[in-house]
Amino acid sequence: MRVYHFPKIDLFLISSIAVLSILVFSGLANQYLWQDEAENAVIARNILRFGYPRAFDGSLLVVSDIGYRKDYTWIFQPWLQNYLTAFSFCIFGGSSLSARLPFVLFGIASFASAYFLARRMFSLMTARVFLVIMLTCVPYLLMIRQARYYSLALFFALLLIHGYLDYAEKKRFADIKILASSFLLFNSNFGLFFPLAAGLIFHRIVFYRREADMKKDAGLILLTALILVPIFIYFKGWLHEVPLSADFVLGNVKFYLRSINRYIVPIRLIAVFYLVFAIMKRTFWPFVASYSDKRNISLILFIFVTTVLFMGIAKFRSLRYAIYLIPLLGILESYFLARWMNHGRVLASLCIVLLVTTNLFHQSLTDIFVKSVSGAFVNLSGKYDFEKQGGILEKMTEKAKERASEKNSIRSYFGEYLYEISHDYDGPIEGIVTYLKENAVETDRVKIPYGDCAVAFYTGLKVDNDMTPGKDPYPEWIIPRDYWTSKGFYSSDYYKEIQKKYEKIVLEYPDLRWENRPDDLGYHNFRTVSDYPKKVVIYKKK
């Protein structure tokens, strides 16, 4: 009789998933959907109504930079997120919670998937250190709570990497796993597929060129392209124009390196330690235990480089477009920490505690060093009058003064995240929706330049996102959001007429640029902004 041996349950993983669930489900419905989430929710609701992703429902036309297909078919982004949200709405009804629920579940699944990836690439100790790192990684926690494609792309990107490793190990059905995960990742966000695929292909060429079946590899790449290219053509992917220039690309690359260093992995500090040990040990791989480790570290580094370079030419820049780098770099960081723990468990554990509770290693430590060096340079400049000499010395002095005057403080983003999920948050969309629900009637029309999708989703009113007079210049409500309304609007004859015909209502809600965008912690608010100078203004027709 054949005996089946069930895999041993990892209680550390199970307890980590339980903690993660508490962290991401707490206060999940507290904050209103911000514009991009609401855009997905509106398209999802239209799927249930019209049977396909339609951008216009008769009350709101969702803005698209690349236009629409026949019958207003939405093609600005792939539809997987829309259909997943529509499925959730069909079961639970339309709400903030049901919009976010499926993406949170995919986020939790990606957490487990990344754990198994860390374990198969390195060791059990690496995987467990990784769980601790990820449980306190605030960009990851914030993004998997969003009703957008982020957690979908993360999950399928990790699945594709698993498929690649299976393929390298010549496991059965690995090519099918690659095709399926590529298809699903592409339909989550095709912009994230290209750099990841490039990283995998380069790694295959460098590390497996001797043992690889080139015909089989080429056939798999060709088959993947045959499946994905028609999708790219249908969604008119080439219309996402990019204002390319050297400054633009360099600015994007700097943004990703800076953001990753500040919020994910302290790459500046790691680079310094690497250089010191590489010189001391006179080897290119000072921390690596085996050839297998070298190959897997290279895989992460290849993906990191191709992603940062590819996103350098992307139109928009945000950590969401590099979301799969969060667990990959976390795995790499955990590998170094796990190796350290084998030699000095107490000191390594202290380092981990500081890593997950503060930004000391990510930003403060190096900023303090840079500030000290900058201050010394400013003093030297004052002694030798560098500014009067012009040229590069003058520019260096100006930059040094700027860095020397910066205020650097140790922050705990994870502590701030805990505050956010345990306290109420009031943003502009909440204020607008609450007021309209209390004061508008079903047939009223609203003109608002941004937040239009959220207003339409929560109120069901007819919404126009064009602030020019247009066909409906004087609806019942006009809401000129501060950041999204041009300065010329307030000096126009149209605005003068609004002042005559409408009552001005000022709400006690900050008129922030976004309700609370999760990307890039420099824009995120962990608590209600109480000192913002601009308040939400609503004009009600007299």
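The pair Arg481-Asp511 counts as a salt bridge, with a side-chain nitrogen and a carboxylate oxygen less than 4.0 angstrom apart.
The nearest pair of heavy atoms linking Pro469 to Tyr494 is CG-CG, 3.8 Å. Of all the heavy atoms in Cys453 and Val62, the pair that sits closest is SG-CG1, 4.1 Å. The nearest pair of heavy atoms linking Ser59 to Asp57 is N-OD1, 2.8 Å. Of all the heavy atoms in Tyr32 and Ser96, the pair that sits closest is CA-OG, 4.5 Å. Residue Ser334 comes nearest to Ile133 through the heavy atom pair OG-CG1, 3.7 Å, listed as atom of the first residue, atom of the second, then distance. Listed here is the closest heavy atom pair of Asp293 and Met121: OD1-O, 4.0 Å.
Within a 6.0 Å radius of NZ in Lys535, other residues, nucleotides and ligands contribute more than 12 heavy atoms. Taking a 6.0 Å sphere around CZ of Phe194, one finds it holds more than 12 heavy atoms contributed by other residues, nucleotides or ligands. Within 6.0 Å of the OH atom in Tyr72, the count of heavy atoms belonging to other residues, nucleotides or ligands does not exceed 12. Residue-environment remark: CZ (Phe273) stays at or below the threshold of 12 foreign heavy atoms within 6.0 Å. For Tyr490, the OH atom counts as densely surrounded, since its 6.0 Å shell holds more than 12 non-hydrogen atoms of other residues, nucleotides or ligands.
Outside the 6.0 Å centre-distance limit, the rings of His362 and Tyr413 are not counted as a close aromatic pair. A distance of 6.0 Å or more separates the ring centres of Phe202 and Phe302. Residues Phe156 and Phe106 bring their aromatic ring centres within 6.0 Å.
Residues Asn189 and Tyr321 have side chains that never bring a donor and an acceptor to within less than 3.5 angstrom of each other. Donor-acceptor pairing under 3.5 Å is lacking for the side chains of Tyr483 and Trp514.
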Exercise for the section: Mind running side-chain contact (heavy atoms from CB on, under 4.5 Å) on Tyr417 and Leu141 for me, showing each step along the way? Expected result: CA-CA 9 Å; Tyr417 176 81; Leu141 295 172; 3.8 Å; yes

Exercise for the section: List the steps and the verdict of side-chain contact (heavy atoms from CB on, under 4.5 Å) for Glu515 and Glu430. Expected result: CA-CA 8 Å; Glu515 178 73 2; Glu430 178 174 348; 3.9 Å; yes

Practice task
Output, in order, the C-alpha distance, side-chain angles, deciding distance and verdict of side-chain contact (heavy atoms from CB on, under 4.5 Å) for Glu39 and Val63.
Solution key: CA-CA 9 Å; Glu39 177 187 275; Val63 176; over 6 Å; no

Practice task
Please assess Asp466 against Thr468 for the test side chain to side chain donor-acceptor pair (under 3.5 Å), listing each intermediate value before the final yes or no.
Solution key: CA-CA 6 Å; Asp466 186 355; Thr468 59; 2.7 Å; yes

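Judged by distance alone, with hydrogens and angles left aside, the side-chain atoms of Asn465 form a donor-acceptor pair with the main-chain N or O of Leu61 at under 3.5 Å. Distance alone, capped at 3.5 Å, places no donor-acceptor pair between the Asp464 side chain and the Lys447 backbone.
Note on ring orientation: taking the six-membered ring where Trp is involved, the planes of Phe122 and Tyr335 are tilted (angle from 30° to 60°).
Remark: Arg295 fails to qualify as a cation-pi partner of Phe207 under the 6.0 Å distance and 45° angle criteria applied to the six-membered ring. Judged by the 6.0 Å distance and 45° axis criteria, Arg45 is not positioned over the aromatic ring of Phe457.
Considering Tyr52, Trp74, Tyr234 as possible partners of Trp79, the one that fulfils the ring pair (Phe, Tyr, Trp, His ring centres under 6.0 Å) test is Tyr234.
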